[in-house]
Amino acid sequence: MSHAARRRACAVAAAVAVAAVAVLLSALPAFAHGFSSTAYVDLTAPATGHVRAAIGLEYDLLVVSAADYQKDDPLFRAGDAAFRSGDRAGQAAALDAHAGSVVAYVTRHFGVTAEGRACAPARNGGFRVEQREGVPYALLVLDYRCPEAADAHEVRSGLFPDSEGYVRGTKTIVTYDLDLRSGSAALDARHPTFSTRQSWAERFWEFFRLGAEHLLTGIDHILFLLALIAGSRRLREIVLAATTFTLAHSVTFVFAALGLVRVPASFVEPVIALSIAVVAGWHLWRIWRRRSHAVDLETTGHGHLSLDTAGWTRLAVVFCFGLVHGLGFASALGIEQAWSWTLLWSLLVFNVGIEVVQLAIIIVVFPLLGLLRHRRPVAGLWTTGAIATGVSVMGLVWFFQRVL
């Protein structure tokens, strides 16, 4: 390759790397976790022709959506006042007082059919409100009366659609024990229905897709990965860092699914943000301390993995933060209740989807940075420094936002 061609290749590598981060940062308003919602539904069959749906919905979204749908201003005023005051009993009372509006909204956007015929819903008991993922969730139980001869049931969910303008990308996580079948499903705007007849391959694809989408739309997890890539001096280091991160969040995934660990989102979310800033800041600190030698190994590698002291320390930090990220991934599937072990298989598939996207990002970004570092060491250092600076700043901003 000629000298001019090498210069062009390096320039392209730098431009692509910086452009990728710029695109991600510009997408922050669209992809921040706070702009999405997850609904949880547990379906059982107490008797033939009877489907019971226990539905969990974010309280504030339910209040504003139901009030808007039914033009019920008193519901909004009472529900919003109880939400702002943190009065859980008052929140449940507001829903009970306007049960007609709330149930009308939910049954309009969530339904069960059997053999093509709609099952008739009826409310079972009053509303309850509990804390989930750090926010109040309203719990509603609906009893659906269905044709007794049905061999399978179809479920449809369009809860909190994008068209309402309050959130975007709502997902409904369904666990079911119906028609002598049990399993789980993930519904969203592009895939709003499922049948208990679905095959294992269909269930696999649903949760694989959900895992891939969660990482792609979870900008904080992508920035954490970019921080790892920017600070990795060798291909060996990014491979080991990514593997360590995978092992760590898989551990907490499984522990959460088995009900062995439960950590509030008020702790998990700020620590995830802090991890982004710390890992990115680590590379900036090396640049400040070692200047042009920031990517050099400090000592001869130790052990079979040939890592120096800084490399081993970095792996330990990544593992600890990976444990916390695993709790963040688990919360995306509602892994907070004892019964959530039924989601274990789907959760592992969800994890596979995350890993495939993570690997794809590494395959695209790291070789470009490696080429730039090899051909133009100074430009490579400035590029990784710019990436680390942007990622670190965003991590600190999110940390203080989530703490305050």
Side-chain angles (χ1 to χ4, degrees), residues 37-70 72 74-83 85-114 118-148 150 153-160 170 172-179 182 184-185 187 196 259 334-343:
S37 181
T38 305
Y40 303 99
V41 180
D42 185 32
L43 299 175
T44 55
T48 302
H50 180 186
V51 174
R52 176 164 292 164
I55 305 174
L57 303 165
E58 279 194 64
Y59 173 81
D60 57 329
L61 284 177
L62 178 59
V63 167
V64 70
S65 294
D68 185 51
Y69 177 71
Q70 290 292 102
D72 190 342
L75 165 60
F76 175 77
R77 289 194 295 271
D80 185 61
F83 174 74
S85 65
D87 180 4
R88 194 171 298 180
Q91 292 166 4
L95 295 177
D96 282 326
H98 300 271
S101 295
V102 178
V103 172
Y105 174 80
V106 174
T107 55
R108 170 65 180 80
H109 293 85
F110 180 87
V112 179
T113 61
C119 302
R123 183 165 64 115
N124 182 340
F127 287 89
R128 292 188 297 115
V129 177
E130 66 178 25
Q131 200 79 356
R132 188 167 192 163
E133 301 179 34
V135 298
Y137 261 70
L139 304 179
L140 167 65
V141 177
L142 295 175
D143 283 334
Y144 287 86
R145 298 297 174 179
C146 304
E148 294 187 4
H153 291 81
E154 295 76 39
V155 177
R156 168 191 57 83
S157 179
L159 294 162
F160 306 139
T170 298
T172 302
I173 305 299
V174 180
T175 55
Y176 61 91
D177 188 0
L178 297 172
D179 310 318
S182 61
S184 51
L187 307 180
T196 54
I335 308 300
E336 289 191 353
Q337 305 296 326
W339 53 263
S340 290
W341 65 269
T342 60
L343 280 172

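All values derive from a computational prediction rather than experimental measurement. Numbers here are sequence positions counted from 1.
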Counting distance only, does the side-chain N/O of [X] pair as donor-acceptor with the main-chain N or O of [Y] below 3.5 Å?
{"X": "Arg128", "Y": "Glu130", "result": "no"}
{"X": "Thr170", "Y": "Phe160", "result": "yes"}
{"X": "Ser65", "Y": "Leu62", "result": "no"}
{"X": "Asp96", "Y": "Phe127", "result": "yes"}

Leu57 vs Tyr40, test: side chain to side chain contact (heavy atoms under 4.5 Å, CB included). Steps then yes/no. CA-CA 7 Å; Leu57 303 165; Tyr40 303 99; over 6 Å; no

With [X], which residues qualify under side chain to side chain contact (heavy atoms under 4.5 Å, CB included), at least two apart?
{"X": "Asp80", "result": "Phe76, Arg84"}
{"X": "Arg88", "result": "Gln91, Val129, Gln131"}
{"X": "His109", "result": "Tyr69, Tyr105, Leu159, Pro161, Glu164"}

When rounded to the nearest 0.5 angstrom, what is the spacing between [atom1] in [X] and [atom2] in [Y]?
{"X": "Leu142", "Y": "Arg123", "atom1": "CG", "atom2": "CZ", "answer": "9.0 Å"}
{"X": "Leu75", "Y": "Arg77", "atom1": "CG", "atom2": "CZ", "answer": "10.0 Å"}
{"X": "Tyr137", "Y": "Tyr59", "atom1": "OH", "atom2": "OH", "answer": "15.0 Å"}
{"X": "Asn124", "Y": "Arg52", "atom1": "CG", "atom2": "CZ", "answer": "4.5 Å"}
{"X": "Ser37", "Y": "Glu58", "atom1": "OG", "atom2": "CD", "answer": "3.5 Å"}
{"X": "Ile55", "Y": "Phe110", "atom1": "CD1", "atom2": "CZ", "answer": "5.0 Å"}

Between Thr113 and Ala118, which heavy-atom pair has the shortest distance, and what is it? CG2-CA, 3.8 Å

Mind running side-chain hydrogen bond (donor to acceptor under 3.5 Å, both in side chains) on Thr175 and Asp42 for me, showing each step along the way? CA-CA 5 Å; Thr175 55; Asp42 185 32; 2.8 Å; yes

